[in-house]
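Position 1 is the first residue of the sequence; numbering continues from there.
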Amino acid sequence: MKLTFKPLAGLMLAATLAGAPLGAVAFAQEAAPAPAAAAPAATTPAPAPAATPAPAPAAAPAIVDKNDKGDNAWMLTSALLVLLMIIPGLALFYGGLVRAKNMLSVMMQVSTVALIGFVAWVLWGYSFAFSDGGSWDTFVGGLGRVFLNGVTPSSNVATFSTGVVIPEFTFISFQSTFAAITAALVVGSLVERMKFAAIVAFAILWPLLSYYPMAHMVWWWPGPDAIATAPTAPIKSGLIWGFGALDFAGGTVVHINAGIAALVGALILGKRQGYGKEPMPPHSLTLTLVGAGLLWVGWFGFNAGSNLESNGYASLAMINTFVATAAAGLSWITVEWVTRKKPSALGLASGIVAGLVAVTPAAGFAGPMGSVILGLVVSPICIFFCSVVKNTFKYDDSLDAFGIHGIGGIVGAIGTGLLVNPAWGGAGIVDYTSCAKDGDISTCDNAVYNLGGQVLAQLKGVGVTIVWSLVASLIVFFVIKLIIGLKASPEAEEEGLDISEHGERAYHS
């Protein structure tokens with residue numbers, strides 16, 4: 001059974017002319033379409049005594065769904081790699097950056113938020129993100145897949161090639177990891193002072209108002225088959241998809257969304273006791289570097305897995321995830337070396353994450369050289385926000401979740417609109433409206449790239465993401481603050497949240 005809707009992750013179909021009606025523009029996708037099934041051979045009747053009839057006309061080519069075991073195996077592996085990013089990757093990365101008395105509390109917060117994310121995803125999150133929302137479809141999905149209603153081992157979802165599908169359970173598993181890690185990223189701005197009960201409430205409420213709608217707005221569209229077979233038909237899609245914005249693996253949905261929520265949370269929660277008056281150095285950069293390494297390894301599932309197929313575009317996303325990350329790490333420590341005379345391990349870890357964040361939306365669109373440039377550019381910008389801007393406005397974004405994920409995501413999302421340009425080594429944008437040309441859906445052309453139009457589409461996508469996350473996060477944090485409170489008591493902070501919230505310690509001396 002193949003679903004009539006086409007929930008797709010990680011890659012955006014783009015209109016090449018900003019502002020044009022959806023049915024009138026050349027829509028695009030980065031993945032090369034799969035060959036169409038061969039048309040049935042024409043038959044010629046046996047000759048009659050008087051004459052031989054002309055051959056019957058060949059049937060029109062049809063799209064025949066193909067479920068490839070290799071694609072499925074790659075996607076199952078990618079889901080496990082993203083899990084590695086969260087537990088233990090993100091938990092160790094964040095845990096090493098706090099004081100020793102709060103190490104376990106951070107690991108508990110990251111892990112619990114992720115656990116809630118997985119369960120909520122199959123109960124209602126998947127349906128709100130990747131089903132038809134009816135009159136609300138521009139912004140959010142509906143109830144058609146609540147409790148995974150109708151999902152079976154034989155149900156499939158589309159990929160980015162015409163006629164290629166993967167099992168729906170595989171897609172749900174892969175996407176659950178995105179929902180889990182996005183809310184967990186926000187924890188980085190809230191550590192060492194937020195009550196565990198408030199963290200639990202956040203993990204339930206915030207995705208409802210912010211993550212699921214954002215995933216729907218960016219990644220919900222009818223799929224390549226629908227466009228290839230009916231290129232002039234109106235396209236029903238999420239709002240940001242309709243802008244023509246490109247987001248391969250979640251620059252808007254994950255990083256900008258989480259980064260804005262992190263800033264809002266830090267401002268409403270307030271500063272840690274003694275912030276700006278006493279040193280609060282990381283207690284274990286060793287663990288932070290281990291966590292950064294695990295994040296990088298897992299990110300290959302995050303980025304290359306977002307192609308949904310094991311083909312050359314997954315390989316493109318993989319090499320871009322290598323080189324952009326390396327370039328950003330080198331760029332960060334170089335800036336430190338020049339400005340502070342000492343390159344730091346903390347800077348190296350921060351640069352690695354900044355590069356991963358920036359390349360996420362561009363992974364399947366940029367070329368490797370463009371990805372190197374993106375990595376070199378993103379680190380100095382993030383450094384500016386993590387030091388100059390934060391110090392100027394004196395907000396306590398504890399682990400720079402906004403400065404790296406929010407700002408790095410914005411840089412990457414806008415940069416994607418530039419780096420997709422084939423003239424600059426980008427992969428270009430596949431025009432699915434050309435796939436049905438002359439009845440041959442196996443041959444697709446690249447759409448004509450429009451720099452101004454594409455960058456404008458990216459800016460519109462970034463703008464909507466910022467505003468949506470800002471409003472949703474304000475509502476969630478204020479509701480939690482009014483009902484159960486956000487901040488731990490000064491005495492609990494002083495003792496450390498490991499003991500005050502969980503009754504245990506990470507270390508015993």
Do the ring centers of [X] and [Y] come within less than 6.0 Å of each other?
X: Phe128; Y: His216; answer: no
X: Phe202; Y: Phe477; answer: yes
X: Phe118; Y: Trp121; answer: no

Between [X] and [Y], is any side-chain donor less than 3.5 angstrom from a side-chain acceptor?
X: Glu495; Y: Ser500; value: no
X: Asn257; Y: Thr465; value: no
X: Ser344; Y: Trp332; value: no

TODO: Please list, chain by chain and in numerical order, all residues satisfying side-chain contact (heavy atoms from CB on, under 4.5 Å) with Lys195, sequence neighbours excluded.
DONE: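 For Lys195, the residues satisfying side-chain contact (heavy atoms from CB on, under 4.5 Å) (neighbours in sequence not counted) are Ala198, Ala488, Glu501.
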TODO: With sequence neighbours left out, write down each residue that passes side-chain contact (heavy atoms from CB on, under 4.5 Å) with Leu185, or none if nothing qualifies.
DONE: Leu90, Tyr94, Ile181, Val254, His255, Ala258, His405
Open item on the list: Just so I know, are the side chains of Trp337 and Ile333 near enough to count as touching, which here means a heavy-atom distance under 4.5 Å?
Closed with: no
- [ ] Give the C-alpha distance, both sets of side-chain angles, the deciding distance and a yes or no for side-chain contact (heavy atoms from CB on, under 4.5 Å) between Asn102 and Val191.
- [x] CA-CA 8 Å; Asn102 294 309; Val191 295; over 6 Å; no
TODO: Enter the distance from Asp400:CG to Ile407:CD1 here, rounded to the nearest 0.5 Å.
DONE: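 Asp400 CG to Ile407 CD1: 11.0 Å, rounded to 0.5 Å.
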Closest heavy-atom pair and its distance - [X], [Y]:
X: Arg193; Y: Ser398; result: NH1-OG, 2.6 Å
X: Phe93; Y: Ala349; result: CE1-CB, 4.0 Å
X: Val335; Y: Pro380; result: CG2-CG, 4.0 Å
X: Lys487; Y: Leu269; result: CD-O, 3.5 Å

Open item on the list: Let's go through Trp468 and Met214 carefully: what are the C-alpha distance in whole Å and the side-chain angles of both, what is the deciding distance for side-chain contact (heavy atoms from CB on, under 4.5 Å) to 0.1 Å, and is it a yes or a no?
Closed with: CA-CA 8 Å; Trp468 190 282; Met214 283 303 310; 4.1 Å; yes
Task: Partner of Phe171 under ring pair (Phe, Tyr, Trp, His ring centres under 6.0 Å), chosen from Phe130, Phe178, Trp219 - done: Phe130
Open item on the list: Determine whether Leu451 and Leu418 satisfy the following criterion, side-chain contact (heavy atoms from CB on, under 4.5 Å), listing intermediate values before the conclusion.
Closed with: CA-CA 7 Å; Leu451 187 149; Leu418 298 171; 4.1 Å; yes
TODO: Hey, can you tell me if Trp296 and Phe300 have their rings parallel, tilted or perpendicular (30° and 60° cut-offs)?
DONE: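 Rings of Trp296 and Phe300: parallel, as their planes differ by under 30°.
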- [ ] Would you sort out whether Glu192 and Arg99 count as a side-chain contact (heavy atoms from CB on, under 4.5 Å), showing the intermediate values?
- [x] CA-CA 8 Å; Glu192 300 196 297; Arg99 291 167 288 182; 3.1 Å; yes
